[in-house]
Amino acid sequence: MIVLTKAPRGTRDILPSEVEQWQFFEEKVRELCRLFGYAEIRTPVFEHTELFLRSVGEVTDIVAKEMYTFTDRGDRSLTLRPEGTAPVARAFLEHKLYGEAQPLKVYYIGPMFRYDRPQAGRYRQFHQFGVEVFGTKEPSLDAEVITLSLYVFRALGLEEFTLQLNSVGCPHCRDEYRSCLQEELHEKLNRFCPDCAGRFHKNPLRILDCKQESCQELTANVSLLLDKLCGDCAEHFAAVRESLDVLGEPYVVNPRLVRGLDYYSKTAFEIVSPVLGAQSSLGGGGRYDHLLATIGGPDVPGIGFGIGIERVLLARAAAGSSLPESKLTDVFVVTAGNVSAAEALRVVIALRRQGVAADKDYLGRSLKAQLKFADKKQARYVVILGDEEMKRDQAVLRDMQTGGQEDVALTELASMLAGLVKGAKR
RNA sequence: GUGGGUGUAGCUCAGGAGGUUAGAGCACCAGAUUGUGGCUCUGGGGGCCGUGGGUUCGAGUCCCAUCAUCCACCCCA
(Lines give C-alpha, C1' and ligand atoms only; values in the text may rest on other atoms or scores of the structure.)
Protein backbone atom coordinates (compact mmCIF):
# COMPACT_ATOMS: atom_id res chain seq x y z
CA MET A 1 0.00 0.00 0.00
CA ILE A 2 1.33 3.42 -0.91
CA VAL A 3 1.24 5.83 1.98
CA LEU A 4 0.20 9.22 0.68
CA THR A 5 1.40 11.02 3.77
CA LYS A 6 4.98 9.88 3.55
CA ALA A 7 7.82 10.91 1.25
CA PRO A 8 9.12 8.02 -0.86
CA ARG A 9 11.74 5.78 0.67
CA GLY A 10 15.18 7.33 0.80
CA THR A 11 13.88 10.86 0.24
CA ARG A 12 13.18 13.52 2.81
CA ASP A 13 11.90 17.01 3.29
CA ILE A 14 14.21 19.81 4.28
CA LEU A 15 12.03 21.71 6.70
CA PRO A 16 12.29 25.40 7.58
CA SER A 17 14.09 24.51 10.80
CA GLU A 18 16.86 22.84 8.81
CA VAL A 19 17.01 24.88 5.66
CA GLU A 20 19.29 27.52 7.17
CA GLN A 21 22.03 24.91 7.39
CA TRP A 22 21.66 24.34 3.66
CA GLN A 23 21.71 28.02 2.85
CA PHE A 24 24.80 28.40 5.00
CA PHE A 25 26.48 25.60 3.04
CA GLU A 26 25.55 27.14 -0.28
CA GLU A 27 26.71 30.62 0.70
CA LYS A 28 30.12 29.38 1.85
CA VAL A 29 30.59 27.24 -1.23
CA ARG A 30 29.62 29.99 -3.66
CA GLU A 31 31.99 32.41 -2.00
CA LEU A 32 34.87 29.93 -2.19
CA CYS A 33 34.14 29.14 -5.83
CA ARG A 34 34.25 32.81 -6.64
CA LEU A 35 37.66 33.09 -4.97
CA PHE A 36 38.95 30.05 -6.82
CA GLY A 37 37.59 31.22 -10.16
CA TYR A 38 34.79 28.72 -10.70
CA ALA A 39 31.49 29.64 -12.36
CA GLU A 40 28.23 27.85 -11.71
CA ILE A 41 26.67 25.52 -14.24
CA ARG A 42 23.18 24.03 -14.03
CA THR A 43 22.33 20.94 -16.02
CA PRO A 44 19.06 18.97 -16.19
CA VAL A 45 18.34 16.39 -13.50
CA PHE A 46 17.82 13.73 -16.15
CA GLU A 47 19.85 12.75 -19.17
CA HIS A 48 19.79 10.09 -21.86
CA THR A 49 20.47 6.77 -20.15
CA GLU A 50 23.19 6.05 -22.66
CA LEU A 51 25.30 8.93 -21.32
CA PHE A 52 25.75 7.22 -17.96
CA LEU A 53 26.20 3.76 -19.49
CA ARG A 54 29.08 5.04 -21.56
CA SER A 55 30.76 7.38 -19.08
CA VAL A 56 30.22 5.83 -15.65
CA GLY A 57 30.66 2.31 -17.02
CA GLU A 58 28.26 -0.58 -17.50
CA VAL A 59 29.79 -2.85 -14.88
CA THR A 60 29.83 -0.26 -12.10
CA ASP A 61 27.33 -0.65 -9.28
CA ILE A 62 25.81 2.71 -10.11
CA VAL A 63 24.81 1.62 -13.58
CA ALA A 64 24.21 -2.04 -12.83
CA LYS A 65 21.76 -1.60 -9.96
CA GLU A 66 21.31 1.97 -8.77
CA MET A 67 19.90 4.05 -11.61
CA TYR A 68 16.43 5.57 -11.75
CA THR A 69 15.74 4.82 -15.39
CA PHE A 70 12.42 5.37 -17.14
CA THR A 71 10.95 5.62 -20.59
CA ASP A 72 9.17 8.84 -21.48
CA ARG A 73 6.11 9.19 -23.69
CA GLY A 74 8.31 9.54 -26.74
CA ASP A 75 9.87 6.16 -25.97
CA ARG A 76 13.23 7.64 -24.95
CA SER A 77 15.19 5.96 -22.17
CA LEU A 78 16.07 8.60 -19.61
CA THR A 79 17.83 8.41 -16.26
CA LEU A 80 17.80 10.68 -13.22
CA ARG A 81 21.43 11.70 -12.86
CA PRO A 82 23.30 9.48 -10.38
CA GLU A 83 26.35 11.76 -10.42
CA GLY A 84 27.34 15.18 -11.67
CA THR A 85 30.39 14.77 -13.87
CA ALA A 86 28.89 13.09 -16.92
CA PRO A 87 26.13 15.72 -17.39
CA VAL A 88 28.64 18.56 -17.13
CA ALA A 89 30.94 16.81 -19.59
CA ARG A 90 27.97 16.43 -21.93
CA ALA A 91 27.15 20.12 -21.68
CA PHE A 92 30.82 20.95 -22.31
CA LEU A 93 30.65 19.03 -25.58
CA GLU A 94 27.16 20.10 -26.59
CA HIS A 95 28.02 23.79 -26.35
CA LYS A 96 31.53 23.32 -27.69
CA LEU A 97 32.99 25.00 -24.63
CA TYR A 98 36.37 23.57 -25.60
CA GLY A 99 36.38 26.40 -28.13
CA GLU A 100 36.62 28.96 -25.32
CA ALA A 101 39.68 29.89 -23.31
CA GLN A 102 40.92 26.88 -21.39
CA PRO A 103 40.76 25.66 -18.74
CA LEU A 104 37.04 25.88 -18.05
CA LYS A 105 36.28 25.82 -14.35
CA VAL A 106 32.71 25.17 -13.24
CA TYR A 107 30.79 24.06 -10.16
CA TYR A 108 27.33 22.69 -9.52
CA ILE A 109 25.00 22.15 -6.59
CA GLY A 110 22.02 19.88 -6.94
CA PRO A 111 20.20 16.61 -6.33
CA MET A 112 21.49 13.22 -7.48
CA PHE A 113 19.57 9.97 -7.50
CA ARG A 114 20.63 6.43 -6.73
CA TYR A 115 18.38 3.48 -6.00
CA ASP A 116 20.19 2.11 -2.99
CA ARG A 117 19.14 0.91 0.40
CA PRO A 118 18.93 3.95 2.69
CA GLN A 119 21.30 4.08 5.61
CA ALA A 120 23.00 6.62 7.82
CA GLY A 121 24.25 9.32 5.45
CA ARG A 122 22.83 7.59 2.41
CA TYR A 123 19.69 8.57 0.56
CA ARG A 124 18.06 7.84 -2.76
CA GLN A 125 17.83 11.52 -3.49
CA PHE A 126 20.90 13.20 -2.10
CA HIS A 127 22.67 16.43 -2.90
CA GLN A 128 26.12 17.14 -4.13
CA PHE A 129 28.31 20.12 -4.56
CA GLY A 130 30.98 19.44 -7.16
CA VAL A 131 33.47 21.09 -9.45
CA GLU A 132 34.83 20.13 -12.86
CA VAL A 133 37.77 21.56 -14.77
CA PHE A 134 38.36 20.80 -18.43
CA GLY A 135 41.29 21.50 -20.65
CA THR A 136 44.56 20.76 -18.89
CA LYS A 137 46.59 17.89 -17.45
CA GLU A 138 48.74 20.24 -15.41
CA PRO A 139 49.36 18.63 -11.96
CA SER A 140 49.13 21.87 -10.00
CA LEU A 141 45.50 22.00 -11.09
CA ASP A 142 44.95 18.66 -9.37
CA ALA A 143 46.30 20.27 -6.23
CA GLU A 144 44.05 23.29 -6.64
CA VAL A 145 40.95 21.16 -7.07
CA ILE A 146 41.82 19.04 -4.04
CA THR A 147 42.58 22.15 -2.02
CA LEU A 148 39.25 23.69 -2.90
CA SER A 149 37.45 20.67 -1.47
CA LEU A 150 39.46 20.96 1.75
CA TYR A 151 38.67 24.66 2.00
CA VAL A 152 35.00 23.87 1.72
CA PHE A 153 35.12 21.60 4.74
CA ARG A 154 37.09 24.10 6.75
CA ALA A 155 34.82 26.99 5.81
CA LEU A 156 31.97 24.91 7.20
CA GLY A 157 33.72 24.40 10.50
CA LEU A 158 34.89 20.83 9.92
CA GLU A 159 38.39 20.15 11.16
CA GLU A 160 38.47 16.40 11.57
CA PHE A 161 38.94 14.82 8.17
CA THR A 162 41.63 13.04 6.24
CA LEU A 163 42.65 13.47 2.64
CA GLN A 164 43.46 10.16 1.03
CA LEU A 165 45.39 10.24 -2.19
CA ASN A 166 46.21 7.70 -4.84
CA SER A 167 46.81 7.31 -8.55
CA VAL A 168 44.77 4.81 -10.48
CA GLY A 169 47.01 5.10 -13.53
CA CYS A 170 45.98 5.38 -17.12
CA PRO A 171 44.39 2.73 -19.38
CA HIS A 172 47.85 1.44 -20.31
CA CYS A 173 49.49 0.88 -16.94
CA ARG A 174 46.23 0.04 -15.16
CA ASP A 175 45.29 -2.73 -17.58
CA GLU A 176 48.76 -4.17 -17.36
CA TYR A 177 48.67 -4.09 -13.56
CA ARG A 178 45.20 -5.58 -13.53
CA SER A 179 46.35 -8.74 -15.32
CA CYS A 180 49.40 -8.84 -13.13
CA LEU A 181 47.25 -8.64 -9.99
CA GLN A 182 44.89 -11.33 -11.19
CA GLU A 183 47.86 -13.59 -11.77
CA GLU A 184 49.18 -12.96 -8.27
CA LEU A 185 45.82 -13.57 -6.60
CA HIS A 186 44.74 -16.50 -8.73
CA GLU A 187 46.14 -19.24 -6.51
CA LYS A 188 44.46 -17.74 -3.40
CA LEU A 189 41.13 -17.25 -5.11
CA ASN A 190 39.18 -19.83 -3.08
CA ARG A 191 40.26 -18.22 0.20
CA PHE A 192 38.71 -14.81 -0.46
CA CYS A 193 35.27 -13.75 0.73
CA PRO A 194 32.34 -14.27 -1.69
CA ASP A 195 32.31 -10.56 -2.54
CA CYS A 196 35.97 -10.61 -3.49
CA ALA A 197 35.53 -13.75 -5.52
CA GLY A 198 33.09 -11.77 -7.63
CA ARG A 199 35.43 -8.79 -7.75
CA PHE A 200 38.22 -10.93 -9.11
CA HIS A 201 36.88 -10.76 -12.63
CA LYS A 202 34.80 -7.59 -12.45
CA ASN A 203 37.14 -5.25 -10.61
CA PRO A 204 40.17 -6.93 -9.04
CA LEU A 205 41.59 -3.61 -7.79
CA ARG A 206 38.70 -3.41 -5.38
CA ILE A 207 39.82 -6.61 -3.62
CA LEU A 208 42.63 -4.54 -2.13
CA ASP A 209 40.02 -2.28 -0.55
CA CYS A 210 37.97 -5.10 1.08
CA LYS A 211 37.01 -4.61 4.72
CA GLN A 212 37.29 -8.31 5.54
CA GLU A 213 40.38 -8.96 7.64
CA SER A 214 40.99 -12.30 5.98
CA CYS A 215 41.09 -10.64 2.55
CA GLN A 216 43.36 -7.90 3.87
CA GLU A 217 45.81 -10.54 5.04
CA LEU A 218 45.74 -12.32 1.71
CA THR A 219 46.64 -9.13 -0.13
CA ALA A 220 49.14 -7.84 2.45
CA ASN A 221 52.18 -8.43 0.29
CA VAL A 222 50.68 -8.07 -3.14
CA SER A 223 52.30 -5.64 -5.59
CA LEU A 224 50.60 -2.26 -5.89
CA LEU A 225 49.59 -0.19 -8.89
CA LEU A 226 51.33 2.81 -7.38
CA ASP A 227 54.63 0.99 -7.82
CA LYS A 228 53.84 -0.05 -11.35
CA LEU A 229 52.63 3.23 -12.85
CA CYS A 230 53.96 4.13 -16.28
CA GLY A 231 56.46 6.95 -16.50
CA ASP A 232 53.89 9.59 -17.35
CA CYS A 233 51.52 8.63 -14.52
CA ALA A 234 54.31 8.30 -11.96
CA GLU A 235 55.67 11.69 -12.88
CA HIS A 236 52.22 13.25 -12.66
CA PHE A 237 51.54 11.73 -9.26
CA ALA A 238 54.87 12.98 -7.92
CA ALA A 239 54.09 16.47 -9.20
CA VAL A 240 50.67 16.47 -7.53
CA ARG A 241 52.23 15.44 -4.25
CA GLU A 242 54.82 18.14 -4.60
CA SER A 243 52.15 20.77 -5.19
CA LEU A 244 50.26 19.66 -2.09
CA ASP A 245 53.47 19.78 -0.09
CA VAL A 246 54.13 23.31 -1.28
CA LEU A 247 50.63 24.26 -0.15
CA GLY A 248 51.25 22.58 3.18
CA GLU A 249 48.20 20.36 2.83
CA PRO A 250 48.60 17.07 4.69
CA TYR A 251 47.47 13.88 3.00
CA VAL A 252 47.76 10.14 3.32
CA VAL A 253 48.79 8.09 0.32
CA ASN A 254 46.43 5.13 0.21
CA PRO A 255 47.61 2.82 -2.57
CA ARG A 256 44.45 0.74 -2.14
CA LEU A 257 42.05 3.60 -2.74
CA VAL A 258 39.76 2.81 -5.68
CA ARG A 259 37.06 4.91 -7.29
CA GLY A 260 33.68 3.44 -8.16
CA LEU A 261 33.34 4.99 -11.59
CA ASP A 262 35.15 3.78 -14.67
CA TYR A 263 36.19 7.12 -16.07
CA TYR A 264 38.86 7.97 -13.51
CA SER A 265 42.55 8.01 -14.40
CA LYS A 266 45.69 9.16 -12.62
CA THR A 267 44.80 11.23 -9.54
CA ALA A 268 42.12 9.76 -7.25
CA PHE A 269 41.29 11.18 -3.85
CA GLU A 270 38.75 10.91 -1.10
CA ILE A 271 38.05 12.91 2.02
CA VAL A 272 36.92 10.79 4.95
CA SER A 273 35.52 11.84 8.30
CA PRO A 274 35.80 9.77 11.48
CA VAL A 275 32.44 10.95 12.80
CA LEU A 276 30.13 9.57 10.14
CA GLY A 277 30.04 5.85 10.82
CA ALA A 278 30.03 3.48 7.87
CA GLN A 279 29.41 6.19 5.28
CA SER A 280 32.64 7.92 6.16
CA SER A 281 33.28 9.54 2.80
CA LEU A 282 32.50 13.25 2.74
CA GLY A 283 33.55 13.57 -0.84
CA GLY A 284 35.85 12.28 -3.49
CA GLY A 285 37.03 12.82 -6.99
CA GLY A 286 39.85 12.52 -9.41
CA ARG A 287 41.12 13.06 -12.88
CA TYR A 288 39.28 11.80 -15.96
CA ASP A 289 41.51 12.48 -18.94
CA HIS A 290 39.66 10.14 -21.29
CA LEU A 291 36.03 10.78 -20.37
CA LEU A 292 35.34 13.38 -23.05
CA ALA A 293 36.71 11.14 -25.80
CA THR A 294 34.70 8.22 -24.43
CA ILE A 295 31.42 10.04 -24.97
CA GLY A 296 32.36 11.19 -28.42
CA GLY A 297 34.18 14.45 -27.88
CA PRO A 298 37.70 15.70 -28.49
CA ASP A 299 40.47 14.31 -26.32
CA VAL A 300 40.17 16.95 -23.60
CA PRO A 301 41.43 16.08 -20.10
CA GLY A 302 39.48 16.92 -16.96
CA ILE A 303 39.37 16.66 -13.20
CA GLY A 304 36.74 17.18 -10.53
CA PHE A 305 35.19 16.12 -7.25
CA GLY A 306 31.83 15.69 -5.60
CA ILE A 307 30.91 16.42 -2.00
CA GLY A 308 27.84 14.97 -0.29
CA ILE A 309 25.93 17.84 1.28
CA GLU A 310 23.89 15.64 3.61
CA ARG A 311 27.08 14.05 4.87
CA VAL A 312 28.78 17.37 5.43
CA LEU A 313 25.78 18.57 7.42
CA LEU A 314 25.75 15.33 9.42
CA ALA A 315 29.44 15.77 10.17
CA ARG A 316 28.80 19.36 11.22
CA ALA A 317 26.06 18.23 13.57
CA ALA A 318 28.28 15.47 14.97
CA ALA A 319 31.01 18.02 15.58
CA GLY A 320 28.52 20.19 17.44
CA SER A 321 28.72 23.08 15.00
CA SER A 322 25.68 25.29 15.09
CA LEU A 323 24.55 28.50 13.52
CA PRO A 324 23.71 31.71 15.31
CA GLU A 325 19.95 31.84 15.59
CA SER A 326 18.50 34.02 12.90
CA LYS A 327 15.24 35.75 13.65
CA LEU A 328 12.55 36.13 11.07
CA THR A 329 10.66 38.83 12.90
CA ASP A 330 12.11 42.08 14.22
CA VAL A 331 8.87 43.71 15.23
CA PHE A 332 5.55 42.15 16.14
CA VAL A 333 2.45 44.32 16.06
CA VAL A 334 -0.36 43.48 18.48
CA THR A 335 -3.75 44.97 19.11
CA ALA A 336 -5.54 45.71 22.38
CA GLY A 337 -9.16 46.61 22.97
CA ASN A 338 -11.15 47.46 19.87
CA VAL A 339 -8.32 48.20 17.47
CA SER A 340 -8.94 46.29 14.27
CA ALA A 341 -6.71 43.69 12.62
CA ALA A 342 -6.76 45.85 9.50
CA GLU A 343 -5.27 48.74 11.44
CA ALA A 344 -2.51 46.43 12.66
CA LEU A 345 -1.85 45.24 9.12
CA ARG A 346 -1.55 48.84 7.96
CA VAL A 347 1.19 49.42 10.57
CA VAL A 348 2.91 46.14 9.68
CA ILE A 349 3.04 47.05 6.01
CA ALA A 350 4.36 50.52 6.82
CA LEU A 351 7.18 48.92 8.83
CA ARG A 352 8.01 46.50 6.04
CA ARG A 353 8.25 49.37 3.60
CA GLN A 354 10.98 50.77 5.84
CA GLY A 355 12.87 47.48 5.66
CA VAL A 356 11.77 46.24 9.05
CA ALA A 357 10.78 42.56 9.25
CA ALA A 358 7.36 42.91 10.83
CA ASP A 359 4.47 40.56 11.47
CA LYS A 360 1.20 40.36 13.36
CA ASP A 361 -1.33 37.92 14.78
CA TYR A 362 -3.75 36.28 12.40
CA LEU A 363 -5.78 34.16 14.79
CA GLY A 364 -7.77 36.84 16.63
CA ARG A 365 -5.94 36.08 19.84
CA SER A 366 -6.07 37.94 23.13
CA LEU A 367 -3.44 40.57 23.89
CA LYS A 368 -1.76 38.18 26.27
CA ALA A 369 -1.67 35.42 23.68
CA GLN A 370 -0.38 37.82 21.03
CA LEU A 371 2.52 38.79 23.28
CA LYS A 372 3.22 35.19 24.02
CA PHE A 373 3.36 34.49 20.31
CA ALA A 374 5.63 37.48 19.73
CA ASP A 375 7.93 36.08 22.37
CA LYS A 376 7.93 32.70 20.68
CA LYS A 377 8.83 34.40 17.40
CA GLN A 378 11.68 36.05 19.26
CA ALA A 379 10.68 39.50 18.09
CA ARG A 380 12.89 42.09 19.71
CA TYR A 381 10.18 44.77 19.67
CA VAL A 382 6.43 44.74 20.02
CA VAL A 383 4.17 47.56 18.93
CA ILE A 384 0.93 47.65 20.91
CA LEU A 385 -1.99 49.40 19.26
CA GLY A 386 -4.46 50.31 22.01
CA ASP A 387 -7.61 52.42 22.03
CA GLU A 388 -6.18 55.03 24.41
CA GLU A 389 -2.99 55.63 22.46
CA MET A 390 -4.71 55.51 19.07
CA LYS A 391 -6.84 58.46 20.14
CA ARG A 392 -3.61 60.42 20.45
CA ASP A 393 -2.18 58.91 17.22
CA GLN A 394 0.32 57.05 19.30
CA ALA A 395 1.31 53.43 19.97
CA VAL A 396 3.19 51.64 22.71
CA LEU A 397 6.65 50.45 21.73
CA ARG A 398 7.83 47.63 23.95
CA ASP A 399 11.37 46.29 24.07
CA MET A 400 10.93 42.57 24.74
CA GLN A 401 14.47 42.16 25.91
CA THR A 402 14.51 44.85 28.56
CA GLY A 403 10.77 44.99 29.22
CA GLY A 404 10.81 48.77 28.94
CA GLN A 405 8.18 50.58 26.90
CA GLU A 406 7.26 54.05 25.74
CA ASP A 407 4.64 55.90 23.72
CA VAL A 408 5.61 56.74 20.15
CA ALA A 409 3.77 58.82 17.58
CA LEU A 410 2.40 56.62 14.78
CA THR A 411 4.00 58.84 12.16
CA GLU A 412 7.45 58.27 13.65
CA LEU A 413 7.07 54.58 14.40
CA ALA A 414 8.42 53.13 11.16
CA SER A 415 11.52 55.31 10.86
CA MET A 416 12.28 54.92 14.56
CA LEU A 417 12.09 51.13 14.44
CA ALA A 418 14.09 51.02 11.23
CA GLY A 419 16.85 52.79 13.12
CA LEU A 420 16.57 50.61 16.20
CA VAL A 421 16.61 47.37 14.22
CA LYS A 422 19.53 48.42 12.07
CA GLY A 423 21.47 49.37 15.19
CA ALA A 424 20.70 46.09 16.93
CA LYS A 425 22.00 44.09 14.02
CA ARG A 426 25.39 45.65 14.11
C1' G B 1 20.32 -7.32 -3.24
C1' U B 2 21.87 -9.72 2.12
C1' G B 3 21.66 -9.73 7.66
C1' G B 4 19.92 -7.62 12.38
C1' G B 5 17.08 -3.91 15.58
C1' U B 6 12.65 -0.85 16.03
C1' G B 7 7.38 0.89 14.91
C1' U B 8 2.17 3.40 21.21
C1' A B 9 -0.08 11.40 21.40
C1' G B 10 3.35 16.68 17.42
C1' C B 11 8.38 14.94 20.03
C1' U B 12 11.02 11.46 23.68
C1' C B 13 9.30 7.23 25.79
C1' A B 14 6.27 3.93 29.95
C1' G B 15 2.71 0.16 29.26
C1' G B 16 5.41 -6.90 34.89
C1' A B 17 4.11 -14.00 32.26
C1' G B 18 -2.52 -11.17 27.02
C1' G B 19 -7.95 -9.10 30.95
C1' U B 20 -12.26 -3.38 31.82
C1' U B 21 -12.37 3.89 30.02
C1' A B 22 -3.91 3.18 26.89
C1' G B 23 -0.26 6.72 30.52
C1' A B 24 4.06 10.34 31.66
C1' G B 25 7.36 14.37 30.43
C1' C B 26 7.96 18.09 26.81
C1' A B 27 5.16 20.76 23.10
C1' C B 28 0.25 22.96 21.94
C1' C B 29 -4.39 25.69 23.63
C1' A B 30 -7.10 28.22 27.61
C1' G B 31 -7.45 30.34 32.50
C1' A B 32 -5.08 32.44 37.45
C1' U B 33 -10.42 39.81 38.45
C1' U B 34 -10.59 44.90 34.28
C1' G B 35 -5.03 46.30 28.09
C1' U B 36 1.19 43.19 28.64
C1' G B 37 5.53 37.67 26.92
C1' G B 38 9.41 34.65 29.73
C1' C B 39 8.77 31.80 35.76
C1' U B 40 4.94 29.20 38.55
C1' C B 41 0.05 26.96 39.29
C1' U B 42 -4.72 24.96 37.32
C1' G B 43 -7.46 22.98 33.41
C1' G B 44 -8.03 21.25 28.25
C1' G B 45 -7.59 19.20 23.29
C1' G B 46 -5.31 15.41 21.03
C1' G B 47 -3.70 8.21 20.00
C1' C B 48 -7.94 2.87 13.66
C1' C B 49 -1.02 1.27 19.71
C1' G B 50 2.46 1.39 11.37
C1' U B 51 -0.93 -1.78 8.10
C1' G B 52 -3.35 -6.56 6.93
C1' G B 53 -4.28 -11.40 8.48
C1' G B 54 -4.19 -15.29 12.38
C1' U B 55 -4.39 -17.65 17.59
C1' U B 56 -7.83 -16.61 21.79
C1' C B 57 -13.88 -15.77 25.38
C1' G B 58 -10.54 -11.46 25.07
C1' A B 59 -4.48 -8.79 21.55
C1' G B 60 -0.93 -2.43 22.41
C1' U B 61 0.91 -7.22 24.51
C1' C B 62 1.51 -13.83 21.17
C1' C B 63 2.27 -15.73 15.69
C1' C B 64 2.66 -14.66 10.26
C1' A B 65 2.92 -11.26 6.36
C1' U B 66 3.61 -6.41 4.64
C1' C B 67 5.22 -1.37 4.78
C1' A B 68 8.29 2.14 7.05
C1' U B 69 12.53 3.35 9.79
C1' C B 70 17.41 2.59 11.99
C1' C B 71 22.21 -0.10 11.91
C1' A B 72 25.66 -3.08 9.25
C1' C B 73 27.25 -5.59 4.48
C1' C B 74 27.51 -4.42 -0.83
C1' C B 75 28.66 0.33 -2.82
C1' C B 76 29.29 5.24 -2.46
C1' A B 77 28.36 11.12 -1.58
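Each chain gets a letter, A, B and so on, in the order the sequences are listed, and its residues count up from 1.
For the pair F305(A)/F269(A), a side-chain contact is recorded, criterion being any heavy-atom separation below 4.5 Å from C-beta on.
Checking the phosphate oxygens (OP1, OP2) of rC74(B), no side-chain nitrogen or oxygen of K202(A) falls inside 4.0 Å. Taking 4.0 angstrom as the limit, K211(A) places a side-chain polar atom (N or O) nearer than this to OP1 or OP2 of rC74(B). Within the 4.0 Å cut-off from OP1 or OP2 of rC76(B), not a single side-chain nitrogen or oxygen of R124(A) is found. Of the side-chain N and O atoms in K368(A), none sit less than 4.0 angstrom from OP1 or OP2 of rG35(B). The phosphate of rU36(B) has neither OP1 nor OP2 within less than 4.0 Å of any side-chain N or O from Q370(A). For R365(A), a side-chain nitrogen or oxygen approaches OP1 or OP2 of rC29(B) to under 4.0 Å. Taking 4.0 angstrom as the limit, R9(A) places a side-chain polar atom (N or O) nearer than this to OP1 or OP2 of rU69(B). An OP1 or OP2 oxygen of rC75(B) is reached within less than 4.0 angstrom by a side-chain nitrogen or oxygen of R199(A).
Side-chain atoms of R81(A) come within 3.5 Å of backbone atoms of P111(A) as a donor-acceptor pair (strictly under, hydrogens ignored). A donor-acceptor contact shorter than 3.5 Å is absent between the side chain of E132(A) and the backbone of A89(A).
Here the nucleotide nearest the side chain of Q279(A), chosen from rC74(B), rA77(B), rU36(B), is rC74(B). Nearest to the side-chain atoms of V396(A) among the listed nucleotides rG1(B), rG35(B), rA68(B) stands rG35(B). Among the nucleotides rU36(B), rU69(B), rG38(B), the one closest to the side chain of K372(A) is rG38(B). Residue L367(A) places its side chain closer to rG35(B) than to any other of rG35(B), rC74(B), rC71(B). Out of rC70(B), rG1(B), rC71(B), the shortest distance to the side chain of Q119(A) is found at rC71(B). Nearest to the side chain of A336(A), among rC76(B), rG35(B), rG38(B), sits rG35(B). Looking at the side chain of L261(A), the nearest of the listed nucleotides rC74(B), rA77(B), rG37(B) is rA77(B). Here the side chain of R114(A) is nearest to one of rC76(B), rC75(B), rU36(B), namely rC76(B). Nearest nucleotide to the K376(A) side chain, out of rC29(B), rC75(B), rA77(B): rC29(B). Residue R206(A) places its side chain closer to rC75(B) than to any other of rA72(B), rC75(B), rA77(B).
Comparing the same atom, C1', in rC71(B) and in rC29(B) gives a spacing of 39 Å after rounding to whole Å. For the C1' atom pair drawn from rC26(B) and rG19(B), the interatomic distance equals 32 Å after rounding to whole Å. Taking atom C1' in both rU61(B) and rU20(B), the straight-line distance is 16 Å, to the nearest Å. Taking atom P on both nucleotides, rG60(B) is separated from rU51(B) by 11 Å, rounded to a whole Å. Taking atom P in both rC74(B) and rA17(B), one finds a spacing of 39 Å when rounded to whole Å. For the C1' atoms, the distance from rU66(B) to rA27(B) is 33 Å, rounded to whole Å.
Ring to ring, F129(A) and Y108(A) are not that close: their centroids are 6.0 angstrom or more apart. The six-membered or imidazole ring of Y107(A) lies away from that of F36(A), with a centre-to-centre distance of 6.0 Å or more.
Here H236(A) contributes atom NE2 and D142(A) contributes atom CG; the two are 3.5 Å apart, rounded to the nearest 0.5 Å.
Backbone-only engagement by R259(A) is indicated by non-hydrogen atom pairs under 4.0 Å involving sugar-phosphate atoms exclusively. G337(A) comes within 4.0 angstrom of no nucleic acid atom, judged by non-hydrogen atoms across all strands.
When both distances must be under 3.5 Å, the Watson-Crick or G-U wobble mate of rU2(B) is rA72(B). In this structure rU56(B) sits in no base pair that meets the Watson-Crick or G-U test at under 3.5 Å. Nucleotide rU66(B) is matched to rG50(B) when pairs are restricted to Watson-Crick or G-U wobble geometry with both distances under 3.5 angstrom. In a base pair of the Watson-Crick type (N1 to N3 plus N6-O4 or O6-N4) or a G-U wobble (N1-O2 and O6-N3), with each distance short of 3.5 Å, rC11(B) is matched with rG25(B). Judged by Watson-Crick or G-U wobble contacts below 3.5 Å, the nucleotide rG18(B) has no partner.
Contact annotation: side chain of R122(A) to base of rA77(B), donor-acceptor pair absent below 3.5 Å.
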Next item on the list: Report the C-alpha distance between F192(A) and F200(A) in whole Å, list the side-chain angles of each, state the deciding distance to 0.1 Å, and finish with yes or no for ring pair (Phe, Tyr, Trp, His ring centres under 6.0 Å).
Entry: CA-CA 9 Å; F192(A) 282 104; F200(A) 184 79; 7.9 Å; no
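Ring-base stacking between F126(A) and rA77(B) is satisfied, the centre separation being under 5.5 Å and the plane angle under 30°.
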